[in-house]
Amino acid sequence: MFIPNLLSTESGSESIVRARIVIVEDEPDLRDAVAEYLGAAGYDVATAETAAAARSLIETQAFHLAILDIAMPGEDGLSLGRWLRSRMPIGIIYATAAGTALDRIVGLELGADDYIVKPYELREVLARVRSVLRRVPQPTGLLDRKTRTDRRSVAFGPFQADLDGRLVTGANGTVIDMAKSEFDVLEVFLTRANRLLTRAAISEAIGFTEDPESSRAVDIRIMRLRKKIEADPANPKFLRTVRGEGYIFSLPTGDSN
């Protein structure tokens, strides 16, 4: 069990939560440099030198984003990232020493929202942090005061997607394990159902710049999403490919709430 401990400031009648970042890195000089730079940029930053230390920290605090070194002594960043996602909705940036195109695609397949390749510049880290945080829901303190009838939800087949709570449930209310990046893509389709979407349109909607690498990232997220919502991912019922043009999410009219 974790206890949210998000710093906030007041703006009118609305509580605005300051984005919180946890950096898990076993190189002390690099860890401290990134923490200091992001702190100077206005973020609330916490650090840990190992996955075990990070787990203890996260038991008492909640975060919007984590920067995780993949290669650490003991538990690696990939295992820690999966555990984090089971605890809270969070953006994840993996730091890796591998820089080939294949390694980048593998990182995306493992559920990364983004990645940075060592050695990296601090300005690059800040740019990627800002990009991911734009796609992470920022709590405002108003959501808890909403009633269930105020929430946006979409039903498709046996699934129910709570767009405000960012939660997908299946038959009998079973929660579907879904990475933030996968839900980002699903939300794009559910809010634009029955419309042909190009890769460029999807990339723009989730905050990517359109380039060949972004297109591959979109395809990877769609592939992962199909495995979770399609009975037969090779012959999808909902998320269909329009060859040479893009994708379309088939949703019967009237299923949105």
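The basis for the numbers below is simple: all heavy atoms, side chains too, and nothing from hydrogens, waters or symmetry mates. Throughout, numbering of the chain's residues begins at 1 and tracks the sequence.
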[X] side, atom [atom1]; [Y] side, atom [atom2] - distance, nearest 0.5 Å:
X    : Y    : atom1 : atom2 : result
I67  : I23  : CD1   : CD1   : 5.0 Å
L38  : L126 : CG    : CG    : 6.5 Å
L65  : R20  : CG    : CZ    : 12.0 Å
T96  : I70  : OG1   : CD1   : 4.5 Å
I222 : E230 : CD1   : CD    : 11.0 Å
E187 : R192 : CD    : CZ    : 8.5 Å

What are the two closest non-hydrogen atoms of [X] and [Y], and how far apart are they?
X    : Y    : answer
V24  : A51  : CG1-N, 4.2 Å
A161 : V168 : CB-CG2, 4.2 Å
T169 : I176 : C-CG1, 4.1 Å
F183 : D162 : CZ-O, 3.7 Å
S181 : R224 : OG-NH2, 3.0 Å
D113 : I92  : OD2-N, 2.8 Å

Does any part of the side chain of [Y], heavy atoms only, come nearer than 4.5 Å to the side chain of [X], both counted from C-beta?
X    : Y    : answer
F63  : L84  : no
L225 : M178 : yes
L78  : R82  : yes
Y120 : L30  : yes
L80  : R55  : yes

T198, V185, I202 screened by side chain to side chain contact (heavy atoms under 4.5 Å, CB included) with V218, the one that passes: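 In the set T198, V185, I202, the residue that makes a side chain to side chain contact (heavy atoms under 4.5 Å, CB included) with V218 is I202.
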Could you check K227, K228, R166 and say which one makes a salt bridge (charged side-chain N to carboxylate O under 4.0 Å, His left out) with E182? K228
Would you tabulate the side-chain donor-acceptor contacts of residues 233-245 under 3.5 Å, counting partners in other chains and residues two or more places apart, or write 'none'?
from : atom 1 : to   : atom 2 : distance (Å)
N235 : ND2    : D232 : OD2    : 2.8
R240 : NE     : S250 : OG     : 3.0
R240 : NH2    : S250 : OG     : 3.2
T241 : OG1    : R226 : NH2    : 2.8

Distance-only, no hydrogens or angles: does the [X] side chain make a donor-acceptor pair with backbone N or O of [Y] under 3.5 Å?
X    : Y    : result
D26  : T50  : no
E25  : E27  : yes
S203 : R199 : yes
S79  : D76  : no

E124 atom CD, over 12 foreign heavy atoms within 6.0 Å: yes
Less than 4.0 Å between a side-chain N and a carboxylate O, is that true for R31 and D69? no
From CA spacing to verdict: side chain to side chain contact (heavy atoms under 4.5 Å, CB included), I229, F249: CA-CA 12 Å; I229 65 172; F249 196 97; 4.0 Å; yes
Check for me, please, whether I248 and L186 land in the same ILVMFWY cluster - side-chain distances under 4.5 Å, paths through other members count. no
Any pair with a residue in residues 27-56 that passes ring-ring contact (aromatic ring centres under 6.0 Å, His included), sequence neighbours left out, goes on the list, sorted by first then second residue, please.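 For residues 27-56, and leaving out neighbouring residues, there are no ring-ring contact (aromatic ring centres under 6.0 Å, His included) pairs at all.
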Residues that F159 engages under ring-ring contact (aromatic ring centres under 6.0 Å, His included), provided they are two or more places apart: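 By the ring-ring contact (aromatic ring centres under 6.0 Å, His included) rule, F159 matches F156.
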